[in-house]
Number of protein chains: 2
Amino acid sequence: MSGYDIRQKIESSTANFWSESFGQIYPALKKLSNEGLVTMRELQPEGQRLRKEYRITPAGKVRLREWLAEPCGLQVRREELLLKLFFGDKAPKGAMRAAVEQRLAVAKRELESYGPIERELAAKMLTHPAAPYWQLTLEFGKAQAAATRAWCEQTLRELDKLEKAKTRDKGGRRDAR
Amino acid sequence: MSGYDIRQKIESSTANFWSESFGQIYPALKKLSNEGLVTMRELQPEGQRLRKEYRITPAGKVRLREWLAEPCGLQVRREELLLKLFFGDKAPKGAMRAAVEQRLAVAKRELESYGPIERELAAKMLTHPAAPYWQLTLEFGKAQAAATRAWCEQTLRELDKLEKAKTRDKGGRRDAR
DNA sequence: GGGTGCATGTAATGGGTTACATGATTCT
DNA sequence: AGAATCATGTAACCCATTACATGCACCC
């Protein structure tokens, strides 16, 4: 594939858990090429624009297998929403509610988007040997999004309770702007 | 607090969803100081080492409230495990199983660690006005970790099925190394 | 005397996005 | 004619971690 192709493939498949920009892809391909892990072929078929097609080499396949066997580095994923919520008592009145609602909307949209993807996948299940693995990544997304949705809904209820308690507390003294 | 204090506070409270290194903290404090959002006071009480204590200013509090009201930027979180799993059919035999097992162990440890934290929190619930918010962030962690655990367990079963199907398929032709 | 913890900071490096820069082809 | 898509790449910049560099205080 070309760098451009790769970008598109990424966007249409792994975008939910991995994404790369051109600024990463093109230099990476050059580097892989220098290391002999991929080969490049310039194509310009009959009045077409220039294309550089890359193809993995046997050495590249070996390296891929090695990488797949390496343990995953577990990074702390930063959750801006949680950081804000952590300081929730310092926030203006409806701010936390709005933030959680936004997140809930994202989770819902995500869950909806998985429907069509799942149907596409089901069709590929018999032809593509990797399809069962794609299914597993999809299941992860579904599980995570569902958990997020449930948490958001519960959290909205809790925020309402907190708000009420604050108002009740001293009949509206010192409101949060 | 001092930069050092801040680091410790972070590690003991938000480490599960947000973390900062000294390389970030010290320059940030300098910048905040230049912008008048915090003030610095040098302390050297009776035979102690030098300490620089920072304190938020009214302008800083305003800025904090502004930031809390800003919508969260939603970044694509990169999941190395899923990226590897996506190429699972190219992986050496037990590799994906090992990766998922590792993740499962992490999720379990995380869930266990939340127990004591929750008890501590319960104690602070009456004294700290922010404690209910801390509780919410904790609930998020619990929900996410529980979802991850369930997915890992299901995925391990699926991987076993895939492995069996592959072996059955042609009685061991072209095995994965 | 030596390890650990307190305390401050800078420099090197890596990873990544966005913007910039270019230009052909195809579709409307 | 103009917009969208194909296609490639570089440069500037931001964010973040790790390693480096320093040194005191306290405890064993």
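In this text the structure is predicted, and so the values were computed from the model without any measurement. Labels below follow one simple rule: chain letters A, B, ... track the order of the sequence lines, proteins then strands, and each chain is numbered from 1.
A side chain to side chain donor-acceptor pair (under 3.5 Å) check over residues 120-131 of chain A, counting only residues at least two apart or in different chains, returns nothing.
Closest to the Y54(B) side chain, of the nucleotides dG9(C), dG9(D), dG5(C), is dG9(C). In this structure, of dT8(D), dT10(C), dA7(C), it is dA7(C) that holds the atom nearest to the side chain of S2(B). Between dA7(C), dC6(C), dT5(D), one nucleotide has an atom nearer to the side chain of Q8(B) than all others, and that is dC6(C).
To the nearest angstrom, P of dA7(C) lies 14 Å from NZ of K52(B). The interatomic distance linking Y4(B) (OH) with dT4(C) (P) rounds to 13 Å, in whole Å. The distance between atom CD of E53(A) and atom P of dC6(D), rounded to the nearest whole Å, is 15 Å. As a whole-Å value, the separation of L50(B) CG from dG23(D) P is 14 Å. L43(B) has its CG atom 17 Å from the P atom of dC6(C), to the nearest Å. The interatomic distance linking I25(B) (CD1) with dC15(D) (P) rounds to 16 Å, in whole Å. Between I6(A) atom CD1 and dC6(D) atom C1' there is a gap of 15 Å when expressed in whole angstrom units. Rounded to whole Å, the distance from CZ on R51(A) to P on dT8(D) is 6 Å.
For K30(A) and dT10(D), the shortest distance from a side-chain N or O to OP1 or OP2 is below 4.0 Å.
Using a 4.0 Å cut-off between charged nitrogen and carboxylate oxygen, E158(A) and K161(A) count as a salt-bridge pair. In this structure, R157(B) does not pair ionically with E153(B), as no charged nitrogen and carboxylate oxygen lie closer than 4.0 Å.
The hydrophobic cluster analysis finds I56(A) isolated: no Ile, Leu, Val, Met, Phe, Trp or Tyr side chain comes under 4.5 Å of it, directly or through other members. Hydrophobic cluster membership of Y4(A), counting Ile, Leu, Val, Met, Phe, Trp and Tyr whose side-chain heavy atoms lie under 4.5 Å apart directly or via other members: F22(A), Y26(A). Within the hydrophobic cluster formed by Ile, Leu, Val, Met, Phe, Trp and Tyr side chains joined at under 4.5 Å, directly or through other members, Y54(A) is accompanied by M1(A), I6(A), I10(A), I25(A), L29(A), L32(A), L37(A), V38(A), M40(A).
Partners of D5(A) under the side-chain hydrogen bond (donor to acceptor under 3.5 Å, both in side chains) rule, at least two apart in sequence or in another chain, are S2(A), R51(A).
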Subject >> Contact letters for nucleotides 16-22 of chain C, in which S counts primed atoms plus P, OP1 and OP2 and B counts the base, heavy atoms under 4.0 Å >> reply: BBB----
Distance-only criterion, 3.5 Å: show the donor-acceptor pairs between side-chain atoms of residues 131-142 of chain B and protein atoms not counting sequence neighbours.
{"from": "W134(B)", "atom 1": "NE1", "to": "F86(A)", "atom 2": "O", "distance (Å)": "3.2"}
{"from": "Q135(B)", "atom 1": "NE2", "to": "E139(B)", "atom 2": "OE2", "distance (Å)": "2.6"}
{"from": "T137(B)", "atom 1": "OG1", "to": "W134(B)", "atom 2": "O", "distance (Å)": "2.7"}
{"from": "K142(B)", "atom 1": "NZ", "to": "E118(B)", "atom 2": "OE1", "distance (Å)": "3.4"}
{"from": "K142(B)", "atom 1": "NZ", "to": "E118(B)", "atom 2": "OE2", "distance (Å)": "2.9"}

Please tabulate, for side-chain N and O atoms in residues 70-77 of chain B, each donor-acceptor pair with protein atoms closer than 3.5 Å (sequence neighbours left out).
{"from": "E70(B)", "atom 1": "OE2", "to": "R63(B)", "atom 2": "NH2", "distance (Å)": "3.4"}
{"from": "Q75(B)", "atom 1": "NE2", "to": "R78(A)", "atom 2": "O", "distance (Å)": "3.0"}

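The terminal axes of the helix from dG1(C)-dC28(D) to dT28(C)-dA1(D), fitted over 5 pairs per end, subtend an angle of 20° to the nearest 10°.
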